[in-house]
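Data block below; observations after.
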Protein chains: 2
Amino acid sequence: MRGRGPWWHDRFQEYGWRITPSREIIMDVLHNTKEHINASDIYIKAHAMNPAIGLTTVYRTLEMLEKTGMVQKFDFGDGMARYELINNPGAKDHHHHLICMNCKRIIDYTEFIDDEIDFIEKTQSKLSKKYNFKIAGHMINFYGLCEQCSKAMA
Amino acid sequence: MRGRGPWWHDRFQEYGWRITPSREIIMDVLHNTKEHINASDIYIKAHAMNPAIGLTTVYRTLEMLEKTGMVQKFDFGDGMARYELINNPGAKDHHHHLICMNCKRIIDYTEFIDDEIDFIEKTQSKLSKKYNFKIAGHMINFYGLCEQCSKAMA
DNA sequence: TTTATTATTGAAAATGGTTTTCATTTGCAA
DNA sequence: TTGCAAATGAAAACCATTTTCAATAATAAA
């Protein structure tokens, strides 16, 4: 019966998780979201598709997905976590972040990613060897003051 | 009158902040903490030195420090933020993180930092030029499953 | 197919880190 | 020394997330 449903059905079965309407919709929302999205926005979208879905289930599903490495959780320090499907074919190109410590603005940049790949792959393989760590993703953030905020402070 | 008090007195005056006993102690705690520390632990240490200090003041001071780039705020997604003085002479050597998505264990690694410096400096100068961003610090995290958790899941 | 088991569910309550309120105190410029 | 805005602590509010609990539904077994 493989290959009949969406790609993630196999992953769910592998972990012994049941395939339920709520989970189908949450996966659908994640799959169709190009950037990192917070739990509340997932809930709003999922709830619009099926009002029976509760926020609790969103949180519970995200926790499962995160713990098995299907989803990456981001915490930029602005009070709510954001989530993104790992290896999502429809996702926005991989990017890193520039975060303003004053106004909390987050700039996603992709410009220099190519230069970074070499570095990341090297580091990743050294780390996973040394610490026996199965690395699924990474996050690179630069912190500072954005143009507006550094002007405002001058 | 420069150079009389601790190094950060100048920074405070520059921003028009008053120098108060609470702030002196909080700066002292931050200065004498080698790793990232959470607000509650800062409060415990500060409160031991002077019971008049409240948790509220700890949070307020950290917010000020973060917004002006004197402190870097870290959020590893385990429910509480951590803080570290930027350019703290007494600090632990700069390090990056390996975070287990399942058990939330955080491994600080320093092994390959030298290889990373070149990459970071290059990226940093390109980014600050392109986005007019004053970069004060960065964070590099790798996410995955630690040895114990990946064994437990097999 | 039917049934039994057990995971999953949503609503509501609880949790806990962080922020706000507010009346009081205090640093510091004049 | 004085005046006043900034800073303070305690308590309350806030709010994202987690837990509780009784009801429901997915799946394996019969």
Side-chain angles (χ1 to χ4, degrees), chain A residues 1 4-6 8-27 36-44 46-68 71 73-83 101 104, chain B residues 1 4-6 8-27 36-44 46-68 71 73-83 101 104:
Chain A
M1 271 310 172
R4 209 51 82 74
W8 50 269
H9 278 198
D10 289 352
R11 297 292 302 273
F12 272 49
Q13 273 163 7
E14 183 186 329
Y15 294 119
W17 299 338
R18 292 180 181 171
I19 290 162
T20 69
S22 298
R23 288 173 177 173
E24 302 245 32
I25 288 177
I26 292 167
M27 288 306 291
H36 20 69
I37 183 174
N38 63 47
S40 169
D41 287 345
I42 294 171
Y43 169 71
I44 289 168
H47 196 258
M49 298 169 80
N50 178 353
I53 293 176
L55 181 56
T56 312
T57 298
V58 172
Y59 276 108
R60 278 191 285 231
T61 305
L62 289 171
E63 192 193 358
M64 291 185 346
L65 293 170
E66 194 214 343
K67 287 208 167 184
T68 54
V71 147
K73 180 178 178 183
F74 293 88
D75 214 319
F76 297 119
D78 64 343
M80 69 184 80
R82 285 159 224 269
Y83 303 83
M101 293 185 295
K104 309 285 185 184
Chain B
M1 270 309 172
R4 208 51 83 73
W8 51 268
H9 278 198
D10 289 353
R11 298 290 306 272
F12 272 47
Q13 273 162 10
E14 183 186 328
Y15 294 120
W17 298 339
R18 293 179 179 173
I19 289 162
T20 68
S22 298
R23 289 174 177 174
E24 302 244 32
I25 288 176
I26 291 168
M27 289 305 291
H36 20 71
I37 183 174
N38 63 45
S40 169
D41 286 347
I42 293 171
Y43 169 71
I44 290 168
H47 197 258
M49 299 168 80
N50 179 353
I53 293 176
L55 181 57
T56 312
T57 298
V58 171
Y59 276 107
R60 277 192 285 232
T61 304
L62 288 171
E63 191 192 359
M64 293 185 344
L65 293 170
E66 194 214 344
K67 287 207 166 185
T68 55
V71 148
K73 181 179 178 183
F74 294 88
D75 215 319
F76 297 118
D78 63 342
M80 68 184 80
R82 285 160 224 268
Y83 303 84
M101 292 185 294
K104 309 284 185 187

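Values below: every heavy atom of this structure, side chains too, minus hydrogens, waters and symmetry copies. Within every chain, numbering begins at 1; the chains are lettered A, B, ... in the order of the sequence lines, protein sequences first and strands thereafter.
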Among dT9(C), dT18(C), dT17(D), which nucleotide sits nearest the side chain of Tyr59(A)?
dT17(D)

Could you check whether any side-chain heavy atom of Asp75(A) comes within less than 4.5 Å of a side-chain heavy atom of Phe76(B), counting everything from C-beta outward?
no

If you compare all heavy atoms of Met49(A) against all heavy atoms of Ile25(A), which two are closest, and at what distance to 0.1 Å?
SD-CG2, 3.9 Å

Rounding to a whole Å, what distance do you find between Phe12(A):CZ and dT8(C):P?
10 Å

Just wondering, do Leu65(B) and Met27(B) contact through their side chains at under 4.5 Å, heavy atoms?
yes

Taking OP1 and OP2 of dT8(C), is either one under 4.0 Å from a side-chain nitrogen or oxygen of Arg23(A)?
yes

Can you tell me how far P of dG17(C) sits from OH of Tyr43(B), to the nearest Å?
13 Å

Atom pair distance, as rounded to whole Å: CD in Glu66(A) and P in dT17(D):
11 Å

In whole angstroms, the gap separating P of dA16(D) from CZ of Arg60(A) amounts to 18 Å

With a 4.5 Å limit on heavy-atom distance, are the side chains of Tyr59(B) and Met64(B) in contact?
no

Interatomic distance where CD1 belongs to Ile37(B) and P belongs to dG17(C) [whole Å]
15 Å

Measuring from the side chain of Met80(A) (C-beta onward, heavy atoms only), which nucleotide among dA16(D), dT18(C), dT9(C) has the closest atom?
dA16(D)

Look at all strands and tell whether Ser22(A) reaches a base, only sugar-phosphate, or nothing, counting heavy atoms closer than 4.0 Å.
sugar-phosphate

Tell me the closest heavy-atom pair linking Lys73(A) and Gly77(B), and the distance in Å.
NZ-O, 3.3 Å

With the side chain defined as heavy atoms from C-beta on, Pro21(B) is closest, among dG27(C), dT18(C), dC22(C), to dG27(C)

Just the table, please: protein N/O against nucleotides 28-30 of chain C N/O, every pair under 3.5 Å.
from    : atom 1 : to       : atom 2 : distance (Å)
dC28(C) : OP1    : Ile19(B) : N      : 2.9

Quick one: does Met101(B)'s side chain get under 4.5 Å of Val71(A)'s, heavy atoms only?
no

Between P on dG17(C) and CG on Asp78(A), what's the gap in Å once rounded to a whole number?
19 Å

Could you state the CE-P distance from Met64(A) to dT9(C), rounded to the nearest angstrom?
8 Å

What one should report as the nearest heavy-atom pair of Thr68(B) and Trp17(B) is OG1-CH2, 3.5 Å

Rounded to whole Å, the CG-P distance (Asn50(A) to dA25(D)) equals 12 Å

Of the nucleotides dT17(D), dA10(D), dA11(C), which has the atom closest to the Thr56(B) side chain?
dA10(D)

